[in-house]
Structure formats: C-alpha cells, structure tokens
Undergrad: 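The structure follows.
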Amino acid sequence: MAYELYYWDGIQGRGEFVRLALEEAGAEYIDIVRLSGRGRGTGAMLAIMQSGNEAYIPFAPPFLKDGDLIIPHVANILLYLGPKLGLAPDDEGLRYVVNGLQLTITDFVAEVHDTHHPIAMSLYYEDQKEEAKARSASFIKERIPKFLSYFERVLQQNPKGSQYIAGNALTYVDLSLFQIIEGLIYAFPKAMSRYSSKYPLLAALHDSVEQRPNIARYLKSDRRLAFNTEGIFRHYPELDVEAS
Ligand SMILES: N[C@@H](CCC(=O)N[C@@H](CS)C(=O)NCC(=O)O)C(=O)O
C-alpha cells in the first residue's frame, strides 16, 4: 500500500525532508493534500488532526500514514522510513546517531523559521520586520556557522570516510543536509555566497545528492515546488547580509 504524506499545500516546508527520502528510494507515496487539491486535501488533513475519535492524533503536519499507523514529526517519520527505504544504517547504534543528526536538523529548521517569525507565528512577517532583521543578523553571524561547522566536522570525522555523514552509505540525513543547503542559498544568497570554500565537504555532499538520478529527476519534476515566501526558507532581501 502506498504511503500517504500529509503536509500543507503550496510549500516545500518541513514536508520536503520526507519527500526527498521517498523520492530517492522510488517509494510509492501519495502527497495527499497536493494531489487532492488545496481545499479537499487540506480538509482531509485537518479532519485527521481534529478527529474526536482517532487515537494518537498528530499536533502538526507533516505526518505520514502507513495503513492505520500515523507518524508525526519529520525526524520520527524518517526514523520509521529509513530502514524500510534503505536509507538508514544496518547497525542499530548508528541508527541512533543518524536520528540524533536529524534532530539537530530539526532544531536548525526551527531557528530558520524564527528568522522571519521571531515574535509570533500568528503575526505576519510585516508585523515583526525589525525583530526579524535583528534575529537574522545573529542567525547569519553565529548560528549558520555553528551548525554548518558542526556538520562539516561530523563529515570530516566519519570513520568510514567523508562522502556521507554517517557510515559508508547514503542516509536520509544526507538528503536533509542537501535540503538545508538549498534552502539557505535561496533564503540568504549573500550570506551563503562563499559557503563552499568554508564547508567543502558539505558542498561536495550537496552536489553529489543533487546528481543522484532519482533526486535529479525529482528536482526537475513538477512535484518539486519552488521555494517561496510562505515556506520555512524565505528570501527577504532585507534580512540577508554578507557573512563575516
Ligand atoms: N517538530 C515538528 C514540527 C512540525 C511543525 O512545526 N509543523 C508546522 C508546519 S511546517 C505547523 O503546521 N505547525 C503548526 C503549529 O505549530 O501550530 C516536525 O519536525 O515535523
């Protein structure tokens, strides 16, 4: 039976980390909201989240439905899918290392979100522009370097070689790191302009993921939405400055 992915329509958002894994593996899945049309699909998603009868309803999308099982949270979905899709290490201990890396990505994504919504999710960006500017400045100066240096170091110190973040084969974390780099380049092109010389291993990982046949096909397809200013990664020129 095909996996069902539930996520907001019209944006890559957090759903994209799951899509990349499903696409790389060539898994059968239905992007429910997108394929059913905005009104109907979103209605079906909200019906699950607001159900008064269903046990273990998710708090927020993305969530994955596999038969009767509903799994929320990107890192949790990938922990579940990884072994089934051949995108997790065989070694049990290393699976938790990979999960830890993915949870670090979850933390980073929350910080990316806060660059344009530092005060409240319920307010428009336009209502928190000044705060967003201050938040983005520190994000560019301190947080991008801290997170990217960390991932660069993990790549460098991988005992199995620096081609992948963990072990000697591709995992879902490699795909997520590709998405992180893509998103940052879209949102902060000035800040990221010299990223490949600062983080050469991450840059090489990004390029190798981009060239994988299933990923390359997906990126060219209409299933891959363009980044826009409704998603997690948003490009507001006024928030982007050169990195020091
Ligand atoms: N930790 C969750 C975060 C989920 C999340 O924040 N989803 C957003 C969309 S990207 C949402 O709809 N949030 C609603 C809310 O927090 O009220 C994950 O990684 O999946």
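Order of appearance sets the numbers: ligands from 1, and atoms from 1 within every ligand. The model shown is predicted, which means the values in this text are computed figures rather than measured ones.
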Undergrad: Step through it carefully: locate the ring centre of Y172, locate the ring centre of Y80, and say whether they are under 6.0 Å apart.
TA: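 Between Y80 and Y172, which both carry aromatic rings, the centre distance is not below 6.0 Å.
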
Undergrad: Quick one about Y218 and E24 (side-chain donor to acceptor, distance below 3.5 Å, no hydrogens or angles considered), yes or no?
TA: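 Looking only at side-chain atoms, Y218 and E24 do not form any donor-acceptor pair under 3.5 Å.
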
Undergrad: Is there a polar contact between ligand 1 and T106, counting only N or O atoms under 3.5 Å apart?
TA: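 The answer is no, given that T106 and ligand 1 share no N or O pair closer than 3.5 Å.
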
Undergrad: Please could you name the atoms of ligand 1 that F59 approaches to less than 4.0 Å, counting only its heavy atoms?
TA: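 The list of qualifying atoms is 16 (O).
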
Undergrad: Look at the aromatic rings of Y195 and H206 and report parallel, tilted or perpendicular, splitting at 30° and 60°.
TA: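 Y195 and H206: perpendicular rings.
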
Undergrad: Would one find an N or O of V74, backbone or side chain, under 3.5 Å from an N or O of ligand 1?
TA: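 There is such a contact, yes.
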
Undergrad: Find out whether Y3 and K84 are in side-chain contact, i.e. whether some heavy atom of one side chain is under 4.5 Å from a heavy atom of the other.
TA: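 Sidechains of K84 and Y3: in contact.
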
Undergrad: Can you pull out the closest protein heavy atom to atom 2 (C) of ligand 1? Residue, atom name and distance to 0.1 Å, please.
TA: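 Here the nearest protein heavy atom works out to H73 ND1, 3.2 Å.
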
Undergrad: Taking distance alone, with N or O pairs closer than 3.5 Å, would you say P62 contacts ligand 1?
TA: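 No - when backbone and side-chain N and O of P62 are compared with those of ligand 1, no distance drops under 3.5 Å.
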
Undergrad: Does the ring centre of Y186 sit less than 6.0 Å away from the ring centre of F233?
TA: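 No; Y186 has its ring centre 6.0 Å or more from that of F233.
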
Undergrad: For ligand 1, which is the ligand I care about here, please tell me if R14 has any N or O atom under 3.5 Å from one of the ligand's N or O atoms.
TA: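 Yes; the residue has a nitrogen or oxygen that sits under 3.5 Å from a nitrogen or oxygen of the ligand.
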
Undergrad: Among protein heavy atoms, which lies nearest atom 4 (C) of ligand 1, and at what distance?
TA: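 It is P61 O, 3.6 Å.
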
Undergrad: Are any of the side-chain nitrogens in E16 or R19 under 4.0 Å away from the carboxylate oxygens of its partner?
TA: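 Salt bridge present between E16 and R19.
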
